[in-house]
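To start, the structure itself, in structure tokens.
The first residue of the sequence shown is numbered 1, and numbering continues consecutively from there. In what follows, every heavy atom counts, from backbone to side chain, and hydrogens, waters and symmetry copies are set aside.
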Amino acid sequence: MSITIQRATISDLETLYQIERECFTIEAFSKQHLTYLLENPNAVSLVAQINNAIAGFIIGLVHRHDEEITGRVYTLDVAVKYRRKGIGLKLLDEIERIFVERGAKICYLEARKDNVAALELYRMHGYVEVKELKDYYKGAHGVRLKKKIGAQ
Ligand SMILES: CC(C)(COP(=O)(O)OP(=O)(O)OC[C@H]1O[C@@H](n2cnc3c(N)ncnc32)[C@H](O)[C@@H]1OP(=O)(O)O)[C@@H](O)C(=O)NCCC(=O)NCCS
């Protein structure tokens, strides 16, 4: 099974929205929000493909505050039937690589406190918890995690 990672484009919107709805219920990004991200030049939007089908995607943004450049992952989604095949990990690796290319030294992301799959993946990949986010999600607490990326 070969997984290829490519830039997402606006023509992927419908598929990305379907996967987003499969992954998240009330917290799913709207089509408008996905469109905004897909069209934002500061965003990095990637799809993972298996046999020409989109199996998952990741979207993040590069932020600049004064001298500090950071990457932030906004959403990471893998369609149910393609899970536990290393796709989430591969998407995260690739977005971190692009963040570094754009000058970021730290990557941030958030997850629900009860999202075992995501937290396990992030911890395994070097992320550490930096903040508890009380009532961050509809009906659930969250955590913010960070990882140093690239040369420090
Ligand atoms: C979280 C998510 C992106 C993981 O994607 P994935 O492609 O299945 O993850 P990977 O196959 O790359 O898994 C890498 C590692 O993460 C951990 N992991 C992944 N899913 C897990 C699960 N359900 N339970 C425990 N650990 C899990 C494991 O350590 C796994 O390695 P292993 O399979 O060798 O044991 C996917 O479950 C998903 O889309 N969930 C719904 C959306 C979501 O919660 N996104 C994250 C929002 S913060």
Side-chain angles (χ1 to χ4, degrees), residues 3 5-8 12-13 15-48 54-152:
I3 305 162
I5 308 288
Q6 288 173 1
R7 297 293 175 126
D12 298 320
L13 177 64
T15 311
L16 301 201
Y17 183 63
Q18 266 176 29
I19 298 174
E20 175 78 8
R21 291 295 302 268
E22 190 179 307
C23 289
F24 301 99
T25 50
I26 45 172
E27 285 148 8
F29 283 170
S30 64
K31 258 190 209 177
Q32 286 78 1
H33 198 132
L34 285 174
T35 303
Y36 162 77
L37 289 167
L38 286 168
E39 291 181 339
N40 184 333
N42 287 322
V44 181
S45 305
L46 305 172
V47 291
I54 294 179
F57 68 99
I58 191 165
I59 303 181
L61 274 170
V62 175
H63 297 277
R64 288 180 177 78
H65 303 286
D66 302 324
E67 294 298 291
E68 195 186 51
I69 304 174
T70 56
R72 181 161 169 231
V73 174
Y74 274 75
T75 193
L76 169 62
D77 303 44
V78 175
V80 173
K81 73 172 179 175
Y82 293 111
R83 287 187 188 163
R84 294 310 276 270
K85 297 180 193 310
I87 294 171
L89 212 49
K90 205 156 179 179
L91 283 164
L92 196 56
D93 259 345
E94 184 59 12
I95 204 166
E96 286 174 6
R97 195 189 62 73
I98 296 169
F99 284 161
V100 170
E101 245 176 36
R102 295 192 183 185
K105 293 193 183 303
I106 295 178
C107 182
Y108 287 99
L109 44 79
E110 287 85 27
R112 281 173 68 117
K113 249 192 126 160
D114 58 3
N115 190 341
V116 177
L119 289 175
E120 193 56 33
L121 187 157
Y122 298 146
R123 285 188 189 125
M124 212 187 107
H125 208 63
Y127 284 80
V128 292
E129 209 173 302
V130 286
K131 195 174 182 186
E132 293 236 345
L133 305 167
K134 200 167 179 304
D135 298 323
Y136 189 72
Y137 297 97
K138 290 171 185 143
H141 302 313
V143 283
R144 175 163 298 135
L145 300 105
K146 89 169 187 185
K147 178 184 173 182
K148 289 182 182 171
I149 53 175
Q152 298 295 308

Quiz item: Who pairs with Tyr127 by ring-ring contact (aromatic ring centres under 6.0 Å, His included), at least two apart in sequence or on another chain?
Solution: Tyr122
Quiz item: For His63, what residues pass the ring-ring contact (aromatic ring centres under 6.0 Å, His included) criterion, not counting sequence neighbours?
Solution: none
Exercise. Check step by step if side chain to side chain contact (heavy atoms under 4.5 Å, CB included) holds for Phe57 and Thr75.
Key: CA-CA 8 Å; Phe57 68 99; Thr75 193; 3.7 Å; yes
Exercise. Test side chain to side chain contact (heavy atoms under 4.5 Å, CB included) on Ile5 and Ile58 and set out the steps.
Key: CA-CA 10 Å; Ile5 308 288; Ile58 191 165; over 6 Å; no
Quiz item: Would one find more than 12 heavy atoms of other residues, nucleotides or ligands at under 6.0 Å from atom OH of Tyr36?
Solution: no
Quiz item: Is it true that atom CZ of Arg83 has more than 12 heavy atoms of other residues, nucleotides or ligands lying nearer than 6.0 Å?
Solution: yes
Quiz item: Where the side chain of Lys105 meets the backbone of Thr70, is there a donor-acceptor pair that is under 3.5 Å apart?
Solution: no
Quiz item: Between Ala79 and Ile19, which heavy-atom pair has the shortest distance, and what is it?
Solution: N-CG2, 3.9 Å
Self-check item: Cationic N near anionic O, under 4.0 Å, Arg97 to Glu101
Solution: yes
Self-check item: Ionic contact status for Lys31 with Glu20, cut-off 4.0 Å
Solution: no
Quiz item: What do the steps show when you test Arg123 against Glu129 for salt bridge (charged side-chain N to carboxylate O under 4.0 Å, His left out), and what is the final call?
Solution: CA-CA 9 Å; Arg123 285 188 189 125; Glu129 209 173 302; 3.5 Å; yes
Quiz item: Does the side chain of Asp77 come within less than 4.5 Å of Leu16's, by heavy atoms?
Solution: no
Quiz item: Applying side-chain hydrogen bond (donor to acceptor under 3.5 Å, both in side chains), which residue pairs with at least one partner in residues 138-147 are found, sequence neighbours left out?
Solution: Glu96-Lys147, Glu110-Arg144
Quiz item: Does the side chain to side chain contact (heavy atoms under 4.5 Å, CB included) test come out yes or no for Leu46 and Ile98, once each step is laid out?
Solution: CA-CA 10 Å; Leu46 305 172; Ile98 296 169; 3.9 Å; yes
